[in-house]
Amino acid sequence: MLGEDGPAPGSPVDLKSVAGKPPVTSESFDLLVIGAGKAGLRAAIEAAEAGLKTVLVDENPIPYATMGEDVPRHFGQAMTGAARNRNAMMEAFVASEPLFEAAFEAGVDIRLGTACWGLYAKGAALRHLPGLVAGLSDETSASLVAPRHVIVATGRRDMGLGFPGWQLPGVMGASAARLLAEHYDGALTSGRIVILGSDTEALLTALALAKRGVKTAAVIDQAERPVASPDLIVGAEQAGIPILCRSVIREAIGSERVEGVLVGELDADGVPTGAELQIDCDGIVLAIGSVPMIDLLQAAGAACRFDPARGGHVPLVDFRGRTSLPSVYAIGDCAGIWPEKSRDATIAEQEACDAVDAILGRASERNDRPEPHAEYDLSAYRKAWLRASVIHARAEFPLCQCEDVSARDLLQLRPPRYLEWEGQMPEAHSLAALLAAGPPDPDQLKRMTRAGMGPCQGRRCREQIAALLALEADADLATVPLASYRAPVRPLPLALAASLGEVPLQGEHWDSWFGMHAQWRPFWEVKGQFTLATNDTSGEVASE
Amino acid sequence: MTRRPGTRDPKRTGAEVVIVGGGVTGLSAGFWLAREGVDVLVLEAGMVGDEASGRNGGGCSHHHSPLFAEEQRLWPLMDDLLGYPTEFRSERIRLAFSEAQMALYARAKINAEHQGFSTEILDTKEARKLVPLADENTVGGYFYHFGGHANPHRTLAGYAFAMEDHGGQLRQNTRVTGIRIQGGQVTGVETDAGFFGCDHLVIAAGPQTAHLAAMIGCDVPLAAARAEMIVTEALPLMPYGGVDGNGLYGRQTLRGNLAYGGGPHEWVETVPDRAPGKPSSPLMGGIANRLATLLPKAAHARIIRSWAGIMENTPDGRPVIDHAPGVDNVVVATLSSVGFGLSPASGRAIRDLVIERRCTFADISTFRLNRFADLEPDWRERLGWLPLR
Ligand SMILES: Cc1cc2nc3c(=O)[nH]c(=O)nc-3n(C[C@H](O)[C@H](O)[C@H](O)COP(=O)(O)OP(=O)(O)OC[C@H]3O[C@@H](n4cnc5c(N)ncnc54)[C@H](O)[C@@H]3O)c2cc1C
């Protein structure tokens, strides 16, 4: 009902409300592209060539300290000291992708080392926004910009998977390992790795890292046989990469860093038999699941759904990449990951062109998109990994590393450990009881246990917790909603956020709460009837 | 109460007391009732914790309220009463950054003194000593020896678990869509999961309270608004977590995070059949700016989340806790945007209204609905409390 209600022009305005206080934006332009992978670069080039004033941001090279916290990917401290050198990494990042040159030539305003931490769309409950607003920051500054259109091309991250010792440096996500090896000039500490997971993405990781001199000592999967496309399985064999199936990681060995893994055999029910073998390695690569990076979109309110053929939760898009938010598009891996797409960059680049066509109002060459099909049963696969690695783990470990929450804490819905509460949680309030009474909800679990509430915003634990919920509820992963992301989707120092500025009216009328005189009048001074005509609103008031 | 506890027909679906709304108000009332063996059922449209009760600042210092004395008496007892930790911490420090703020913040001192609570006035040096993250820029402040703060999620869980431990029931994902009346009495509620009978109904549905009360012809003047908070990564614990001021409310949690809010709200429209949307906005910057002034030594700390919540206000910003006029087995309760801290007391007051028909421990006549009998019908327009166009 936008536009039908609201104060009529000239009618009273609540000065303590957002009325007349839009955010202060420092720039406006036609198109903001977020993410300079193949998809984002292609979109930016197409748009700039068509005359759109286009800004392309990418958070890479990521500050070393941020990487150290596994934001936005699970780097697992596996970056070498070279990753501290911002200028060198900037150069390496640009050199690693030929499309950058075309983008510079096309006149794209490219800003590397710049993260987009928030996207805001005018809507039923954000009516004071001028339209789209995006929050950007680098290491020393932050700003709000007002693009007319936004293309989100933020790529992928990896599903985390816990096991005893998974906090050790050297346990990392597949996409993080590839980023370091391929786009940070080989700034990856590990030379000999064990990969968990055997799907196409996992084997592509093994083969890509092999080209950078990283040896894969073994690929391990709980499944009965590898789930990758057959030609890749052959390729891995030819490259001398052993694939151990019906196996699970029992433990990461090492005191300071990963020095090896203990691999356990699984029986037909996915339970460790006790037979074990040790493999020496200096890196453990999590390739259980490649996950579309939708944090920004979901936090902005774009409708998302679970699609096992696209790697999990993805934004709902039409054939041109339009999300449910007006003028916001999703392309590339963040719109869906599937084997053919990972092996053929032209699919993502086509998505980029389609989105730019839509923005330009150009006729579309296509009116549909290839429907990907799942390589394997994603729900069953992730649940089986969780059962083998987490539920049957031989020792307790934090599933949520930021907030120190173990699987047992989750199953018992235990109050967080920092409270040092010594009481017993009754069976009646266990996770099982909660799930017997209603559908699974990771946000509720988060609120009760704090799992996912730390600085990494649940990037290392959210898919595991979803799988845990699905296992406990005996339900398909598709029934588990996405734990919500919230802006800022990259940690933002108070001092930087403080520099965003505000309209003077906001400062003049700032109050901690509604600033209503009557609300704070002590009860002994309150008279019988309340009317606006007799309400005393004289003098200054500060809310309590 | 029309029937005494223990006389319920076991074949009936429902309960002696049905409470609409699983926020702090409804769950606290449920706890107090269940504790005495009353058969109580809380119906919550969504998930506990998804609305204002799980999205607030956790402040418990409401010296203006007739429930203040009870709020202050109960909080230190709640962990024991519930059997679960609420993370309550007593006392509060408010820092000022201008003489004007210093003067405005004196009101808490005056109000609390009126009720027998003390306050110390702090100069810059004393303030810095008590608040390690503060700096030279503060002109001083107040050390209120009352009030405090608790963790909203812990508290909600505590009420819900304790209520269930006492035999009360909570049904989430169950939205009340209608209210059945017979002979001037409510006999039960319609929901998307069927009918639930009751002898007594409590409507504590936050911003939806007006829609529900309207179903029984009861007019509750309410407008809903959206407000925002931010939280930082954890920092070393200060001796007192309840430090705010400079136009902000908030606290340092026992985990170490700084959780603060303040600034402009947005008036929104609510609809009866779905939860209100609650996006956050770039207001984060304004909050961060004031927090970096309040606690300069935390300016490097990184914001890791922001969120918004929706809560309702009556035209005078004061609660309604009253029987619905003309339907005498219904209690209507809205805390008018300041209901977390008061919840131990508001729940107990609701329990009293249901069982004793009056509040036994405080004079809550200022919460009566009939104070709005002469209210201007166009009050919302006049106050500028309509959503923007
Ligand atoms: C950002 C923010 C900060 C705040 N800070 C503080 C603070 O520091 N201190 C303080 O005391 N207060 C604070 N408040 C206010 C406080 O959170 C609310 O006043 C309080 O939580 C209200 O609780 P409630 O149970 O009455 O309502 P709600 O929390 O709104 O709960 C009502 C419940 O009713 C349910 N419901 C609605 N319709 C139906 C239906 N038809 N059927 C079934 N269920 C239904 C809703 O889903 C909801 O869960 C703050 C609020 C916000 C948003």
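Just so you know, these numbers use all the heavy atoms, side chains as well, and skip hydrogens, waters and symmetry mates. Chain naming here is simple, since letters A, B, ... match the order of the sequence lines and numbering starts at 1 in each.
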Minimum heavy-atom distance B:Tyr84-A:Pro426, with the two atoms named: OH-CG, 3.3 Å
With heavy-atom distances below 4.5 Å as the criterion, would you say the side chains of B:Pro264 and A:Gln506 are in contact? yes
Please report the interatomic distance CD(A:Gln529) to CG(B:Asp374), rounded to the nearest 0.5 Å. 5.0 Å
Between A:Pro23 and chain B, which part of the residue has a heavy atom less than 4.5 Å away: side chain, backbone, both or neither? side chain
Does the pair A:Glu544/B:Arg94 count as a salt bridge with the N-to-O cut at 4.0 Å? yes
Presence of salt bridge, A:Glu540 and B:Arg107, under 4.0 angstrom: no
Non-hydrogen atoms of chain A under 4.5 Å away: do they reach the side chain of B:Trp267, the backbone, both or neither? side chain
Carefully, step by step, assess A:Arg127 and B:Glu269 under the rule salt bridge (charged side-chain N to carboxylate O under 4.0 Å, His left out). CA-CA 12 Å; A:Arg127 294 198 188 186; B:Glu269 214 52 78; over 6 Å; no
Measure distances from A:Asn535 to the heavy atoms of chain B and classify the residue's part below 4.5 Å as side chain, backbone, both or neither. neither
Please classify the contact between A:Ser484 and chain B as side chain, backbone, both or neither, with a heavy-atom cut-off of under 4.5 Å. neither
Given that the side chain runs from C-beta out, which part of A:Met453 has a heavy atom under 4.5 Å from chain B: side chain, backbone, both or neither? both
Proximity breakdown for B:Ile230 and chain A, heavy-atom pairs closer than 4.5 Å: side chain
In Å, rounded to the nearest 0.5 Å, how long is the span from CD of A:Glu525 to OG1 of B:Thr366? 12.0 Å
Using the ring of each side chain (for Trp, its six-membered ring), is A:His429 parallel, tilted or perpendicular to B:Phe161, with breaks at 30° and 60°? parallel
B:Thr232 side chain near A:Leu494 side chain, heavy-atom distance below 4.5 Å: yes
Side chain from CB out, backbone as N, CA, C, O: work out which of these in A:Val541 comes under 4.5 Å of a heavy atom of chain B, or both, or neither. both
What part of B:Asn173 is in contact with chain A, defined as an atom under 4.5 angstrom from a non-hydrogen atom: side chain, backbone, both or neither? side chain
Which region of B:Val231, side chain (C-beta onward) or backbone (N, CA, C, O), has a non-hydrogen atom less than 4.5 Å from a non-hydrogen atom of chain A, or is it both or neither? neither
Closest heavy-atom pair, B:Ser306 versus A:Arg486, reported as atoms and distance to 0.1 Å, is O-CD, 3.0 Å
Quick one: pull up OG1 in A:Thr531 and CZ in B:Arg371 and give me the separation to the nearest 0.5 Å. 12.5 Å
Do NZ/NE/NH1/NH2 and the carboxylate oxygens of B:Asp316 and A:Arg521 come within less than 4.0 Å? no
Okay, A:Leu500 and chain B: the region with an atom under 4.5 Å from a heavy atom over there is side chain
What distance separates B:Arg255 CZ from A:Cys402 SG, expressed to the nearest 0.5 Å? 8.0 Å
With a 4.5 Å limit on heavy-atom distance, are the side chains of B:Val338 and A:Trp520 in contact? yes
Name the one of B:Ser280, B:Pro279, B:Pro282 that satisfies side chain to side chain contact (heavy atoms under 4.5 Å, CB included) with A:Leu126? B:Pro279
Honestly, the part of B:Asn151 sitting under 4.5 Å from a heavy atom of chain A is side chain
Which atom names give the shortest non-hydrogen contact between B:Glu376 and A:Ala533, and what distance separates them? OE2-N, 2.9 Å
A:Asp14 versus B:His265: any side-chain heavy-atom pair under 4.5 Å? yes
Please look at A:Leu532 and chain B and tell me whether the side chain, the backbone, both or neither of the residue comes under 4.5 angstrom of a heavy atom of that chain. both
Report yes if some heavy atom in the side chain of B:Met284 is under 4.5 Å from a heavy atom in the side chain of A:Pro488; otherwise report no. yes
Return the minimal non-hydrogen interatomic distance between A:Trp510 and B:Gly286, and the atom names on each side. CH2-C, 3.6 Å
Here the pair of heavy atoms bringing A:Phe514 nearest to B:Ala225 is CE2-CB, 3.6 Å
Measure the OG-CG distance between A:Ser11 and B:Asp378 for me, rounded to the nearest 0.5 Å. 10.5 Å
Does the plane of the ring in A:Phe530 sit parallel, tilted or perpendicular to the ring in B:Phe372? Use 30° and 60° as the thresholds. perpendicular
Heavy-atom distance under 4.5 Å between the side chains of A:Trp421 and B:Arg154, does that happen here? no
B:Glu381 versus chain A, the contacting section by heavy-atom distance below 4.5 Å: backbone
Go through the steps to decide whether A:Glu69 and B:Arg302 satisfy the test salt bridge (charged side-chain N to carboxylate O under 4.0 Å, His left out), and finish with yes or no. CA-CA 12 Å; A:Glu69 289 188 316; B:Arg302 293 159 318 154; 2.7 Å; yes
Hey, does A:Arg447 have a side-chain heavy atom less than 4.5 Å from the side chain of B:Asp50? yes
Take B:Gln172 and A:Leu434 through the test side-chain contact (heavy atoms from CB on, under 4.5 Å) and record every step on the way to the result. CA-CA 10 Å; B:Gln172 304 186 77; A:Leu434 188 73; 4.0 Å; yes
Taking the side chain as everything from C-beta on, heavy atoms only, tell me whether B:Asn111 gets closer than 4.5 Å to A:Phe523. no
Would you check, one step at a time, whether the test side-chain hydrogen bond (donor to acceptor under 3.5 Å, both in side chains) holds for B:Ser337 with A:Gln519? CA-CA 10 Å; B:Ser337 84; A:Gln519 184 158 44; 3.0 Å; yes
Between atom CZ of B:Arg318 and atom CE of A:Met516, what is the distance when rounded to the nearest 0.5 Å? 9.0 Å
